[in-house]
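Since the structure comes first, as structure tokens, the remarks are kept for the end.
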Amino acid sequence: MSKAAVPDRQGTDRSDGQLHVAIIMDGNGRWAAARGLPRAEGHRRGVEALRRVVRAAHELGIHHLTIFSFSAENWSRPASEIGDLFGLLRRFIRNDLASLHRDGVRVRVIGEREGLEPDICALLSEAEELTRNNTRLNLVVAFNYGSRQEIARAAQRLAREVAEGKRAPETIDADVLGQYLDAPDIPHPDLIIRTSGEQRLSNFLMWQAAYSELVFVPMHWPDFDKAALEGAIAEYARRERRFGGLVAKTAS
């Protein structure tokens, strides 16, 4: 799918014509189990899939790519698996940050950083700072992220402003609350893809997904590639979007 074929998204909350795709990268463990491999190998292969998708994103007209890399609920997994995931994150940033920067990718991180190990926080900040001025692709990493927690943090900030007399309660509406989310300047996703066949959001971008199109792909994340991404975008382009009103076609 060429850039010229990127669908016109009438009815979204912006008019810049830049596609935002968010991905729930699911199925690493099941991919490994089906092959008799340890879960750590599934996560490692998942990082390889991420590299493929980041490379393909700009070619397919994607300007914002958000990935669900570690959820707030993932802390319930075995400590050894959490250690493996954090180790992969460390290696990904240390090994791939320079190439991401060279390719014009801007890295943004959403989620709760309080309580994370200091070196992890430092690596996340380094990635954001180094790539701050890049414009070719915005890679948004949802790390230690949960949508309910994000909305709760926004509500707490507004509640403090009311308690301090800085804001009247009646001034709070959906638009105002949205400005207190983790990255209010990032446009809401046009398309959310989930791999592995599961059909739910799992506490991912629930506020931002109000009018997103959802595509559920049966393959596990380590098998996901440019062709699969292109197929999901093509499915999105065939849909009609109503936004509570008249039909807004995704393709011109």
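Just so it is clear, the structure is predicted and the values come from calculations on it, not from any experiment. This chain uses plain numbering: 1 for the first residue, then up along the sequence.
- When only modelled atom types and interatomic distance are considered, His43 and Asn28 share a side-chain donor-acceptor pair under 3.5 Å.
- Using a 4.0 Å cut-off between charged nitrogen and carboxylate oxygen, Asp84 and Arg39 do not count as a salt-bridge pair.
- A salt bridge links Glu198 with Arg30; the closest basic N to acidic carboxylate O contact falls under 4.0 Å.
- In this structure, the side chain of Asp103 does not engage the main chain of Val105 through any donor-acceptor pair within 3.5 Å.
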Given salt bridge (Lys or Arg N to Asp or Glu O under 4.0 Å), test Asp119 with Arg90 step by step and report yes or no. CA-CA 9 Å; Asp119 74 309; Arg90 291 182 175 97; 2.6 Å; yes
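- For the pair Leu205 and Ala22, the tightest heavy-atom approach, listed with the atom from each and the gap, is CD1-CB, 3.9 Å.
- Apart from Trp31 itself, the hydrophobic cluster it occupies contains Leu37, where clustering links Ile, Leu, Val, Met, Phe, Trp and Tyr at side-chain heavy-atom distances under 4.5 Å.
- A donor-acceptor contact closer than 3.5 angstrom links the side chains of His20 and Thr66.
- Remark: Glu112 engages Arg153 in a salt bridge, criterion side-chain N to carboxylate O under 4.0 Å.
- In this structure, Arg238 does not pair ionically with Glu213, as no charged nitrogen and carboxylate oxygen lie closer than 4.0 Å.
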Please determine whether side-chain contact (heavy atoms from CB on, under 4.5 Å) holds for the pair Ile62 and Ile233, giving the CA-CA distance in whole Å, both sets of side-chain angles, and the decisive distance to 0.1 Å. CA-CA 10 Å; Ile62 296 171; Ile233 294 174; 3.8 Å; yes
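- Within the 4.5 Å cutoff, no side-chain heavy atoms of Leu65 are placed close to those of Val140.
- In this model, a donor atom of one side chain and an acceptor atom of the other lie less than 3.5 Å apart for Arg194 and Ser202.
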What's the verdict on salt bridge (Lys or Arg N to Asp or Glu O under 4.0 Å) for Lys226 and Glu59, showing C-alpha distance, side-chain angles and the deciding distance? CA-CA 9 Å; Lys226 180 180 178 180; Glu59 299 173 20; 2.5 Å; yes
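- In summary, the aromatic rings of Phe86 and Phe70 are positioned with their centroids under 6.0 Å apart.
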Report the C-alpha separation of Leu19 and Val21 in whole Å, then their side-chain angles, then the decisive distance to 0.1 Å, and conclude whether the side-chain contact (heavy atoms from CB on, under 4.5 Å) test is met. CA-CA 6 Å; Leu19 187 65; Val21 174; 3.9 Å; yes
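- Nearest heavy-atom pair, Leu50 versus Met25, reported as atom, atom and distance to 0.1 Å: CD1-SD, 4.2 Å.
- Salt bridge Arg157/Glu161: absent, no basic N to carboxylate O contact under 4.0 Å.
- The structure places CG of Leu214 at 7.0 Å from OG of Ser212, a figure rounded to the nearest 0.5 Å.
- With contacts defined as side-chain heavy-atom distances shorter than 4.5 Å, the pair Val176/Gln179 does not qualify.
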Pair Leu139-Val54, side-chain contact (heavy atoms from CB on, under 4.5 Å): steps then yes or no: CA-CA 8 Å; Leu139 176 62; Val54 170; 4.2 Å; yes
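- Ring geometry for Phe68 versus Phe204: interplanar angle under 30°, hence parallel rather than tilted (30 to 60°).
- Counting heavy atoms from C-beta outward, Pro187 and His64 have side chains that approach closer than 4.5 Å.
- Comment: Glu235 engages Arg239 in a salt bridge, judged by a side-chain N to carboxylate O separation of less than 4.0 angstrom.
- A donor and an acceptor atom, one from each side chain of His101 and Asn134, are located under 3.5 Å apart.
- Among residue pairs with one or both ends in residues 61-80, those qualifying as salt bridge (Lys or Arg N to Asp or Glu O under 4.0 Å) are Arg77-Glu81; sequence neighbours excluded.
- In the model, Asn74 has a side-chain atom that pairs as donor or acceptor with a side-chain atom of Ser71 under 3.5 Å.
- Taking the charged nitrogens against the carboxylate oxygens, Arg106 and Glu128 have no contact shorter than 4.0 Å, which rules out a salt bridge.
- By the ring pair (Phe, Tyr, Trp, His ring centres under 6.0 Å) test, Tyr180 is found to be paired with no residue, residues two or more places apart in sequence or in another chain being considered.
- Side-chain atoms of His188 never come within 3.5 Å of backbone atoms of Ala210 as a donor-acceptor pair (strictly under, hydrogens ignored).
- To the nearest 0.5 angstrom, Arg94 atom CZ is 9.5 Å from Arg91 atom CZ.
- Residue Arg113 places its CZ atom among more than 12 non-hydrogen atoms of other residues, nucleotides or ligands, all under 6.0 Å distant.
- When all heavy atoms of Pro222 and Gly42 are compared, the closest pair comes out as CG-O, 3.8 Å.
- Atom CZ in Arg167 sits 4.0 Å away from atom OG1 in Thr171 (nearest 0.5 Å).
- Under the 4.5 Å side-chain contact rule for hydrophobic residues, Leu191 and Phe216 do not share a cluster.
- In this structure, the side chain to side chain contact (heavy atoms under 4.5 Å, CB included) partners of Val47, at least two apart in sequence or on a different chain, are Arg51, Leu88, Phe92.
- In the hydrophobic clustering of ILVMFWY residues, with side-chain heavy atoms under 4.5 Å counting as a link, Leu100 and Ile93 come out together.
- Under the 4.5 Å side-chain contact rule for hydrophobic residues, Ile120 and Tyr145 do not share a cluster.
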Go through the steps to decide whether Ile186 and Arg108 satisfy the test side-chain contact (heavy atoms from CB on, under 4.5 Å), and finish with yes or no. CA-CA 10 Å; Ile186 296 173; Arg108 301 281 300 275; 3.9 Å; yes
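- In terms of hydrophobic clustering, with Ile, Leu, Val, Met, Phe, Trp and Tyr side chains grouped at heavy-atom distances under 4.5 Å, Met219 and Tyr236 are assigned to a common cluster.
- In this structure, CZ on Phe143 lies 12.5 Å from CD1 on Ile110, to the nearest 0.5 angstrom.
- If you take OG on Ser76 and CD1 on Ile82, they are separated by 7.5 Å, rounding to the nearest 0.5 Å.
- With values rounded to the nearest 0.5 angstrom, Asp225 atom CG is found 11.0 Å from Arg55 atom CZ.
- Under 3.5 Å, the side chains of Asn144 and Glu114 contain no donor-acceptor pair of N or O atoms.
- The heavy-atom pair separating Leu229 from Ile193 by the smallest distance is CD1-CD1, 3.8 Å.
- Minimum interatomic distance between Val107 and Thr131 (heavy atoms only, all atoms of both residues): N-OG1, 2.9 Å.
- Residues Ile192 and Val53 do not share a hydrophobic cluster, defined by chaining ILVMFWY side chains whose heavy atoms lie under 4.5 Å apart.
- The main-chain N or O of Ser147 is found under 3.5 Å from a side-chain atom of Asn203 such that the two form a donor-acceptor pair.
- In terms of heavy-atom proximity, Asp223 sits nearest to Arg52 at C-NH2, 4.0 Å.
- Partners of Trp207 under the ring pair (Phe, Tyr, Trp, His ring centres under 6.0 Å) rule, at least two apart in sequence or in another chain, do not exist in this structure.
- Qualifying salt bridge (charged side-chain N to carboxylate O under 4.0 Å, His left out) partners for Arg102, counting only residues two or more places apart in sequence or in other chains: none.
- Side-chain atoms of Thr195 never come within 3.5 Å of backbone atoms of His220 as a donor-acceptor pair (strictly under, hydrogens ignored).
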